[in-house]
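Right, one structure below, let's go through it.
Ligands are counted one by one from 1 in listed order, and the atoms in each one are counted from 1 as well. Since the model is a prediction, treat every value here as computed from it, not as a measurement.
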Amino acid sequence: MIALREESEIATLRDANRIVSDTLVTLVEQVRPGVTTRELDAIAEDCIRGAGAVPSFLGYRGYPNSTCISVEDVIVHGIPGDRELREGQIVSMDVGAYYLGYHGDAALTVACGPVDELRRRLMDATDRALSAGVQAARAGNYLVDVSRAVQRVCEQAGFSVVRDFVGHGIGRKMHEDPQVPNFDTGVRGPLLRDGMVLAIEPMVNAGKPGVKVLRDGWTAVTIDGKPSAHFEHSIVVRDGPPEILSATPRLIWGQR
Ligand code: MF3
Ligand code: CO
């Protein structure tokens, strides 16, 4: 069952996602060679708690940290630790905040210093794929329209969409119905309606789509070792253009 949110609930979701996007802005400013993923996580936790929220990821199915920081061939769910960022790498940062009973969730990928053409194009395509998916999330469309829009942008750029992880409904719980695949599953899925809240989150590999989860039970890496990017927004389906809850004028992604 997919929830339809009241405007009062959407107002709180807006606040939760504002905390997430403010945290991401702060993280982006801290990305530089030599910074550890643990340092980034600590900064994010301070930001989230400083705003009166609780990190959504911490303790979720035993997850040990407040953020996921996924470097290079790590697709998603990178556990913060001693790893230092190096110039030329890309880093995906995923943040969730629980505020007054509702969750916000968003992610983006940035470069550490100058990066090569492949990584630039990969980040650009994933960001545009998110934007295409967001724009397809309108009342009257079906869920598969979102999935197809995302997939088309990725594959036209010559990259592959990850099948093993999907986006999701979000609200009182971080993961609610429906699942939001980034590829055409062959089923139309539910009709989208005004007030549905979705987290759309393409994960895109420069090479093959295959995923391997490391022995820690979380870290998902590309099988071929090539880099991967991840962008996510939480949005409200509307009768017209969707409302991007996790957008911020201070940093623009998934809005093209
Ligand atoms: N944005 C991711 C998701 O929606 C982050 C979850 S990390 C976890 O699944 F640790 F909380 F699982
Ligand atoms: Co998510």
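At a threshold of 2.8 Å, the Co ion (ligand 2) has a backbone or side-chain N, O or S atom of H168 nearer than that distance. Taking backbone and side-chain atoms together, D105 has an N/O/S atom less than 2.8 Å away from the Co ion (ligand 2).
Atoms of ligand 1 lying under 4.0 Å from any heavy atom of M174, numbered from 1 in the order shown and given with element: 11 (F). Atom numbering of ligand 1 starts at 1 in the shown order; those under 4.0 Å from a heavy atom of C68 are 7 (S). Counting the atoms of ligand 1 from 1 in the order shown, those under 4.0 Å from a heavy atom of E232 are 1 (N). Here is the list of ligand 1 atoms found below 4.0 Å of a heavy atom in Y60: 8 (C), 11 (F), 12 (F).
In terms of distance to the Co ion (ligand 2), the nearest N, O or S atom of E232 is named OE2.
Evaluated for a side chain to side chain contact (heavy atoms under 4.5 Å, CB included) with D41, the options T36, L27, N65 yield exactly one hit, N65.
Using a 4.5 Å heavy-atom cutoff, the side chains of V20 and L24 are in contact.
Between E45 and R49 there is a salt bridge, since a side-chain N of the basic residue sits under 4.0 Å from a carboxylate O of the acidic one. With salt bridges taken as basic N to acidic carboxylate O contacts below 4.0 Å, one links R256 and D124.
For H77 and F165, the ring centers sit closer than 6.0 Å to each other.
Any N or O atom pair closer than 3.5 Å counts here, and H168 shares at least one such pair with ligand 1. In terms of polar-atom proximity, defined here as any N/O pair under 3.5 Å, W218 makes no such contact with ligand 1.
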